**Q** 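Can you keep this structure in mind? I'll have questions shortly.
Nothing here was measured: the structure is a model prediction, and the numbers come from that model.
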Amino acid sequence: MWNNPFNLAIIGWLGQFTAVSAHFNQLVQYIEAAHLLKGLPVMGVLWFFWFRDPAPGSPNRRIIIASLLGCLLAVVIARYVNNVAPFQPRPFANPALPFHNYIGLAARETQSLYDWNSFPSDHATLFFALATGIFLLSRAAGCAVFLYTLLLIALPRVYLGLHYPTDIIAGALLGIASVILATRPRVIALYDGPCTRLQQRYPAAFQTALFIASAEISMMFIDVRRLQQLLKVLF
């Protein structure tokens, strides 16, 4: 799947810049890894719309809750595909691709990236899903978040050899489709009643739980993944 002209052309073009500036590579690496520049700003936009329309059961709040559920659905599907699809090494670990010298960056120490199927990109899945939810709240804000996701979340991962462009495209389409499905009125109607009653009866507890869930989503479920790894070691 990876060895198509589209992937090869983009990876080859980006590869000409990896040996130009150590400072630029370090900046891109920081952007790629920093939750301060990934999940937190995007989730912050979602919470802005949550607090702007404070009535429990309001249309905007329904869309926000549905979007978060759509994100969870998208990530679950992405992880399933990641496990069952034919293994595809990440570009930096693919011996069939020319080696790109990232000056100024240390060698990768974690082995998990070598063993983890690159298709599809779970980052693209999650953040394009969130961008879709924001777009349903505000077209202007949604377009800005789509652009932000493309330039500051997706592109750095391609530049650093973590994903092929088609990984990003597949993840983006999955995330967008999942949120569109989750925000359909018939789907929202399945849980809207109990959810609205919980907001009305326990507003502080409900919003606290939603905030904790959104924080974990914004950080790509990093604590859940670590707990899963710990349980594998223990049991």
**Q** Do Pro165 and Ile11 have side chains that approach each other closer than 4.5 Å (heavy atoms only, starting at C-beta)?
**A** yes
**Q** Report yes or no: do Leu36 and Leu151 belong to one cluster of Ile/Leu/Val/Met/Phe/Trp/Tyr joined by side chain heavy-atom distances under 4.5 Å?
**A** yes
**Q** Minimum heavy-atom separation for Arg90 to Asn117, with atom names?
**A** NH2-O, 4.1 Å
**Q** If every non-hydrogen atom of Val75 is compared with every non-hydrogen atom of Thr125, which pair is closest and at what distance?
**A**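 Heavy atoms of Val75 and Thr125 come nearest at N-CG2, 4.1 Å.
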**Q** Are Pro91 and Leu162 close enough that some pair of their side-chain heavy atoms sits under 4.5 Å apart?
**A**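 With C-beta onward as the side chain, the pair stays apart.
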**Q** For a 4.5 angstrom cut-off between non-hydrogen side-chain atoms, does Phe51 reach Gln207?
**A**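 Counting from C-beta outward, Phe51 and Gln207 do come under 4.5 Å.
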**Q** Does Leu69 reach the side chain of Ile65, with side-chain heavy atoms less than 4.5 Å apart?
**A** yes
**Q** Where is the tightest heavy-atom contact between Tyr191 and Ala182, given as atom of each residue plus distance?
**A** OH-O, 4.2 Å
**Q** Quick one: CG on Asn60 to CZ on Phe48, what's the gap to the nearest 0.5 Å?
**A**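 So the gap between those two atoms works out to 10.5 Å.
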**Q** For Glu32, does its backbone N or O pair with a side-chain atom of Lys38 as donor and acceptor, under 3.5 Å?
**A** yes
**Q** Would you find a donor on one side and an acceptor on the other, under 3.5 Å apart, between the side chain of Gln26 and the backbone of Gly104?
**A**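 Yes; judged by distance alone, with no hydrogens or angles, the pair exists.
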**Q** Under the side chain to side chain contact (heavy atoms under 4.5 Å, CB included) rule, what do Tyr30 and Leu37 come out as? Steps first, then yes or no, please.
**A** CA-CA 9 Å; Tyr30 171 77; Leu37 296 176; 3.7 Å; yes
**Q** Out of curiosity, does Phe92 fall in the hydrophobic cluster containing Ile103 (side-chain heavy atoms, cut-off under 4.5 Å, transitive links)?
**A** no
**Q** Check the pair Asp122, Arg79 against salt bridge (Lys or Arg N to Asp or Glu O under 4.0 Å), reporting the backbone distance first and the verdict last.
**A** CA-CA 7 Å; Asp122 51 0; Arg79 296 299 299 132; 5.0 Å; no
**Q** Between atom SG of Cys71 and atom CZ of Phe221, what is the distance when rounded to the nearest 0.5 Å?
**A** 7.5 Å
**Q** Within the supplied structure, the quantity of interest is the number of heavy atoms (other residues, nucleotides, ligands) at a distance under 6.0 Å from Phe211 CZ; does it exceed 12?
**A** no
**Q** Looking at every non-hydrogen atom in both residues, tell me the closest pair between Ile153 and Arg157 and how far apart they are.
**A**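 Ile153 and Arg157 have their closest heavy atoms at O-CG, 3.2 Å.
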**Q** Looking only at heavy atoms, which two atoms of Leu152 and Ile31 are closest? And how far apart?
**A**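 Looking at all heavy atoms of both residues, the shortest contact is O-CG2, 3.3 Å.
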**Q** Around Phe17, counting heavy atoms of other residues, nucleotides and ligands shown, do more than 12 lie under 6.0 Å from its CZ?
**A**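 Result for CZ/Phe17: enclosed.
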**Q** For the hydrophobic clusters of this structure (ILVMFWY residues joined by side-chain heavy atoms under 4.5 Å, transitively), does one cluster hold both Val81 and Val76?
**A** no
**Q** Quick one: are Trp116 and Phe87 in side-chain contact, heavy atoms under 4.5 Å?
**A**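 Answer no - side chains too far apart.
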**Q** Atom CD1 in Ile10, atom OG1 in Thr166: separation rounded to 0.5 Å?
**A** 9.0 Å
**Q** Run the side-chain donor-acceptor check on residues 167-181: report pairs under 3.5 Å with partners two or more places apart or on a different chain.
**A**
unit_1	atom_1	unit_2	atom_2	d
Asp167	OD1	Gln88	NE2	2.9
Asp167	OD2	Ser118	OG	2.9
Asp167	OD2	His163	ND1	3.4
Asp167	OD2	Tyr164	N	3.0
Ser178	OG	Leu174	O	2.9

**Q** Could you check whether any side-chain N or O of Asn25 sits under 3.5 Å from a backbone N or O of Thr18, counting only pairs where one atom can act as donor and the other as acceptor?
**A**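 Pair found, side chain donor or acceptor close to backbone of Thr18.
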**Q** Side chains of Leu8 and Leu97: closer than 4.5 Å at any heavy-atom pair?
**A**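 Touching, per the 4.5 Å side-chain cut-off.
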**Q** Is there a path of hydrophobic side-chain contacts, each under 4.5 Å between heavy atoms of I/L/V/M/F/W/Y residues, joining Phe127 to Leu147?
**A** yes
**Q** Transitively linked via ILVMFWY side-chain contacts under 4.5 Å: Met219 with Val42?
**A** no
**Q** Hey, are the side chains of Ser214 and Leu46 touching, using non-hydrogen atoms and a 4.5 Å cut-off?
**A**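 Not touching, per the 4.5 Å side-chain cut-off.
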**Q** Can any side-chain N or O of Gln16 pair as donor or acceptor with the backbone N or O of Trp13 at less than 3.5 Å?
**A** yes
**Q** What's the separation between atom CZ in Arg61 and atom CZ in Phe206, rounded to the nearest 0.5 Å?
**A**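 Here the rounded value is 8.5 Å.
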**Q** CZ of Arg52 to OG of Ser138: how many Å apart, nearest 0.5 Å?
**A** 7.0 Å
**Q** So which of Asn82, Val84, Asn83, Ile77 actually passes side-chain contact (heavy atoms from CB on, under 4.5 Å) with Tyr80?
**A** Val84
**Q** Take the angle between the ring planes of His100 and Tyr102 and call it parallel below 30°, perpendicular above 60°, tilted in between.
**A**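 If you compare the ring of His100 with that of Tyr102, the planes turn out perpendicular.
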**Q** Could you tell me the separation between the CG atom of Leu210 and the CH2 atom of Trp50, rounded to the nearest 0.5 Å?
**A** 5.0 Å
**Q** For a quick test of reading the model, state the closest non-hydrogen atom pair linking Leu14 to Leu155 and the distance between them.
**A** CD1-CD1, 4.4 Å
**Q** Is any side-chain heavy atom of Leu130 closer than 4.5 Å to one of Thr149?
**A**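 No. Closest side-chain heavy atoms not under 4.5 Å.
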